[in-house]
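Values below: every heavy atom of this structure, side chains too, minus hydrogens, waters and symmetry copies.
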Amino acid sequence: AQTAVAATPAAITAKEAEEQGEEDKRERTVYVGQLPKGAAPEDISRAFSSFGSVVEVSFPKKKDPTNRHAFVEFFNRSAARAVTESARSGVIVKVFGAEVAVAPRNRSGEMAEASPFELMYANKARRAAMKVAAAEKQAHTAAAAAAAAAAQQQAGVPSHSAATGAHVPSPARATLLADLHRAYVKSLESDTSFEHAVSAHLRLSGVYWGLCAMATLGALEQMDCEGVAAWLLRCQHPCGGFGGDEGHDPHLLYTLSAVQIMCLLGRERELDGERIARYVANLQRPDGSFVGDEWGEVDTRFTYCALSCLNLLDQLHGGHVDVDKATAFVARCRNFDGGFGVTPGGESHAGQIFTAVGALAIGGALHHVESDVLGWWLCERQTAGGGLNGRPEKLQDVCYSWWVLSALAVLGRLEWIDKEALQAFILDCQDEHGGGISDRPEDQVDVFHTFFGVAGLSLMGYEGLKPIDPMYALPVETVERVFAGRPKTYTRAEVAA
């Protein structure tokens with residue numbers, strides 16, 4: 001009783017201190033709706049300063065008056081500069097919880113010039129320490145789980161322990177189970193499952209994933225290539241475009257998949273390149289962007305599909321599309337963090353970055369990319385578990401092994417990530433019983449993640465896999481054959497000649 005009485009005042013004091021801290025946090029939080037729209041950066045900076053030495057920019061929890069994309073667009077225009085000015089004035093600004101460090105001083109003692117991105121991510125030591133702490137915690141949890149699993153082995157506890165919730169990697173997945181993956185992809189040729197039936201709308205892309213995985217695994221000849229080619233041509237429409245399956249509307253995504261498949265099979269010359277090029281050209285808008293089909297959705301994915309498709313068919317230099325306008329549109333989708341979104345002002349996403357960097361590379365316009373800034377954003381996608389995610393604070397996923405690594409490879413910065421940790425993560429997502437690779441360990445496998453897992457390992461030079469081209473997502477040997485005697489990227493000198 002005496003102990004309880006003695007502890008009461010301290011407990012009350014701690015509670016009061018916590019409540020006061022929460023109140024202080026509310027007082028210095030700037031909600032998106034409070035930011036003066038259209039105001040000059042200096043005005044926004046003064047608004048930040050008026051809240052004290054630490055400012056947090058957040059969304060209200062209820063009745064959010066704006067949306068994230070709108071704020072990103074606004075931030076790119078004005079607020080980013082305001083954050084820079086505020087940091088130089090000694091105000092620490094947190095945007096969605098990410099601390100913006102004070103700009104470093106130069107030798108004369110003045111604040112050095114620094115972009116908003118550099119300010120936001122300048123404190124590398126702090127972030128590295130957080131990753132180390134997370135890795136140590138994970139290792140401790142894994143060790144505890146392994147000990148618990150060993151103690152309960154006779155009870156039949158699985159590798160993913162229900163008692164601890166911690167994943168223990170299986171030794172059976174320590175290397176690439178290539179034979180099992182080949183058998184898994186081959187089995188999809190005769191798949192009659194419900195999942196197979198309801199995914200008919202993207203069948204053509206699924207066939208591309210499977211065939212390219214088999215080609216990278218050195219087993220393309222095991223597939224029914226003749227049957228695939230005959231079926232593929234039945235998916236083409238009179239306009240030149242391809243649908244996801246027979247009887248499905250044409251779309252730019254599946255048109256590229258069709259061209260990629262025929263390149264894999266060495267039969268691209270059987271396609272009417274001029275007819276496909278006219279279909280692609282009709283999807284370009286006056287601002288340089290591309291829509292995916294007649295319904296008008298705009299996306300940087302479609303710009304990549306258009307330029308890749310045309311160049312694989314040797315039609316990019318034919319004047320069918322305005323390449324300069326196309327790459328200029330992609331450049332307008334670049335954000336302050338170096339990444340790219342779906343459209344101008346859209347949030348940076350690793351998948352979109354692959355398409356943007358790929359489109360700019362094929363279009364001969366990589367000068368639009370801030371390679372170091374974007375390279376840092378991409379390598380920051382690696383989590384404590386070794387895998388990569390598509391955006392900050394999201395879960396790791398095998399498919400980003402391709403989206404992130406391909407962009408880093410094009411930029412010449414593939415060494416910026418921990419290859420050994422990523423390789424271990426991909427291998428741990430294998431199914432050691434039926435083959436295939438899933439998004440995360442112990443999940444259901446699919447052909448999408450199987451291909452991108454194998455492709456990611458190939459980019460990292462995994463032994464036994466054929467090298468894959470990061471721009472065209474095809475085996476290097478296929479790309480070299482298709483582009484024999486002509487450039488892989490758009491060259492303006494040839495157009496002028």
Minimal heavy-atom distance between W402 and A455, with the atoms involved, is CE3-CB, 3.6 Å
| Would you say the side-chain atoms of E246 pair up with the backbone N or O of W231, donor to acceptor, closer than 3.5 Å? | no
Worksheet item: Stepwise, does the side-chain contact (heavy atoms from CB on, under 4.5 Å) test hold for D446 with S438?
Response: CA-CA 6 Å; D446 57 66; S438 59; 5.9 Å; no
For residues 453-464, the side-chain hydrogen bond (donor to acceptor under 3.5 Å, both in side chains) pairs (sequence neighbours left out) are none
Worksheet item: Would you say the side-chain atoms of Q382 pair up with the backbone N or O of D418, donor to acceptor, closer than 3.5 Å?
Response: yes
request  = Could you go through the salt bridge (Lys or Arg N to Asp or Glu O under 4.0 Å) check for R481 and E268 one step at a time?
outcome  = CA-CA 11 Å; R481 178 185 55 76; E268 67 276 6; 2.8 Å; yes
- Task: Decide side-chain contact (heavy atoms from CB on, under 4.5 Å) for R301 and L253; before the verdict, give the C-alpha distance in whole Å, the side-chain angles of both, and the deciding distance to 0.1 Å.
- Result: CA-CA 8 Å; R301 290 180 303 159; L253 289 172; 3.9 Å; yes
Check: V482 and D314 side chains under 4.5 Å, non-hydrogen atoms: no
Has T216 got a side-chain atom pairing as donor or acceptor with C212's backbone, closer than 3.5 angstrom?
yes
Under 4.5 Å between any side-chain heavy atoms of F340 and T300, yes or no?
no
*Would you check, one step at a time, whether the test salt bridge (Lys or Arg N to Asp or Glu O under 4.0 Å) holds for K394 with E347?*
CA-CA 14 Å; K394 295 296 183 180; E347 181 183 12; over 6 Å; no
d(D322 CG, R285 CZ) to nearest 0.5 Å is 14.5 Å
Evaluation steps, side-chain contact (heavy atoms from CB on, under 4.5 Å), between D249 and D293:
CA-CA 9 Å; D249 291 344; D293 57 16; 6.0 Å; no
Are H449 and D443 close enough that a side-chain donor and a side-chain acceptor fall under 3.5 Å? no
pair L465-V454: side-chain heavy atoms closer than 4.5 Å = yes
One should read off an interatomic distance between R381 CZ and I353 CD1, to the nearest 0.5 angstrom, of 8.0 Å
Strictly under 6.0 Å, is that where the ring centroids of H237 and F242 end up? no
The reported gap from CG in L252 to CD in E297 (rounded to nearest 0.5 angstrom) is 11.0 Å
I'd like to know if the side chain of Y254 pairs up with that of D245 as donor and acceptor (distance under 3.5 Å, no hydrogens or angles considered). no
Using a strict cut-off of less than 4.0 Å between a Lys/Arg side-chain nitrogen and an Asp/Glu carboxylate oxygen, indicate whether D287 and K325 qualify as a salt bridge.
-> no
**Prompt:** Which is it for Q352 and D299 under the side chain to side chain donor-acceptor pair (under 3.5 Å) test, yes or no, and what are the steps along the way?
**Reply:** CA-CA 9 Å; Q352 299 301 143; D299 192 317; 3.1 Å; yes
Requested in this report: Please report the C-alpha distance between Y472 and N311 in whole Å, then the side-chain angles of each, then the deciding distance to 0.1 Å, and finally whether the side chain to side chain donor-acceptor pair (under 3.5 Å) criterion is met.
Outcome: CA-CA 10 Å; Y472 292 99; N311 214 25; 2.9 Å; yes
All heavy atoms of G341 vs all of N335, minimum pair found to be N-ND2, 4.1 Å
For C309 and I276, the nearest pair of non-hydrogen atoms, with its separation, is SG-CG2, 4.0 Å
Quiz item: Would you say D272's side chain and R275's backbone share a donor-acceptor pair under 3.5 angstrom?
Solution: yes
L307 and A359 have their tightest heavy-atom pair at CD1-O, 3.5 Å
Heavy-atom nearest pair, C429 first then V398, reads SG-CG2, 3.5 Å
The residue among L405, I417, V404 that forms side chain to side chain contact (heavy atoms under 4.5 Å, CB included) with L378 is V404
Separation between CG (L411) and CG (L366), nearest 0.5 Å, reads 7.0 Å
**Prompt:** Can you find a pair of side-chain heavy atoms, one from L459 and one from S406, that are under 4.5 Å apart?
**Reply:** yes
Backbone N or O of G351 within a donor-acceptor pair of the H349 side chain at under 3.5 Å? yes
Q. Given side chains that start at C-beta, do those of F483 and R486 come closer than 4.5 Å, heavy atoms only?
A. yes
> Is R203 reaching over with its side chain to a backbone N or O of H196, donor-acceptor style, under 3.5 angstrom?
Replying inline: yes
Considering only heavy atoms from C-beta outward, does the side chain of W209 approach that of F452 to under 4.5 Å? yes
CG of D337 to CG of L374, rounded to nearest 0.5 Å, is 8.5 Å
CD (E415) and CE (M460) are apart, to the nearest 0.5 Å, by 11.0 Å
From the list Y279, W295, F302, ring pair (Phe, Tyr, Trp, His ring centres under 6.0 Å) partner of H251 resolves to F302
Q.
I'd like to know if the side chain of T478 reaches the main chain of L474, judged simply by a donor and an acceptor atom lying under 3.5 Å from each other, with no hydrogens or angles considered.
A. no
Donor-acceptor check, side chain of Q315 to backbone of H320, threshold 3.5 angstrom: yes or no? no
Taking S205 for the side chain and L202 for the main chain, is one N or O donor matched with an acceptor at less than 3.5 Å?
no
Requested in this report: With the side chain counted from C-beta on, respond yes when L388 and W403 share a heavy-atom pair under 4.5 Å apart, and no when they do not.
Outcome: no
The side-chain hydrogen bond (donor to acceptor under 3.5 Å, both in side chains) partners of R267 (sequence neighbours excluded) come to E226, E270
Problem set entry | Y304 side chain reached by F290 side chain, heavy atoms, under 4.5 Å | no
* Asked: Do the side chain of Q430 and the main chain of T175 share a donor and acceptor less than 3.5 angstrom apart?
  -> yes
_Chi angles and distances behind the side-chain contact (heavy atoms from CB on, under 4.5 Å) call for V447, F451_ = CA-CA 6 Å; V447 69; F451 166 55; 5.5 Å; no
Query raised in the report: Do we see a donor-acceptor contact under 3.5 Å between the side chains of Q396 and T383?
Result: yes
Smallest heavy-atom separation, G387 atom then L422 atom, equals CA-CD1, 4.0 Å
* To do: Answer yes or no: is there an ion pair linking R413 with D372, defined by an N-O contact shorter than 4.0 Å?
  => yes
Requested in this report: Begin with the C-alpha distance, continue with both residues' side-chain angles, and end with the deciding distance and a verdict on salt bridge (Lys or Arg N to Asp or Glu O under 4.0 Å) for D469 and K488.
Outcome: CA-CA 11 Å; D469 187 277; K488 287 174 57 180; 2.7 Å; yes
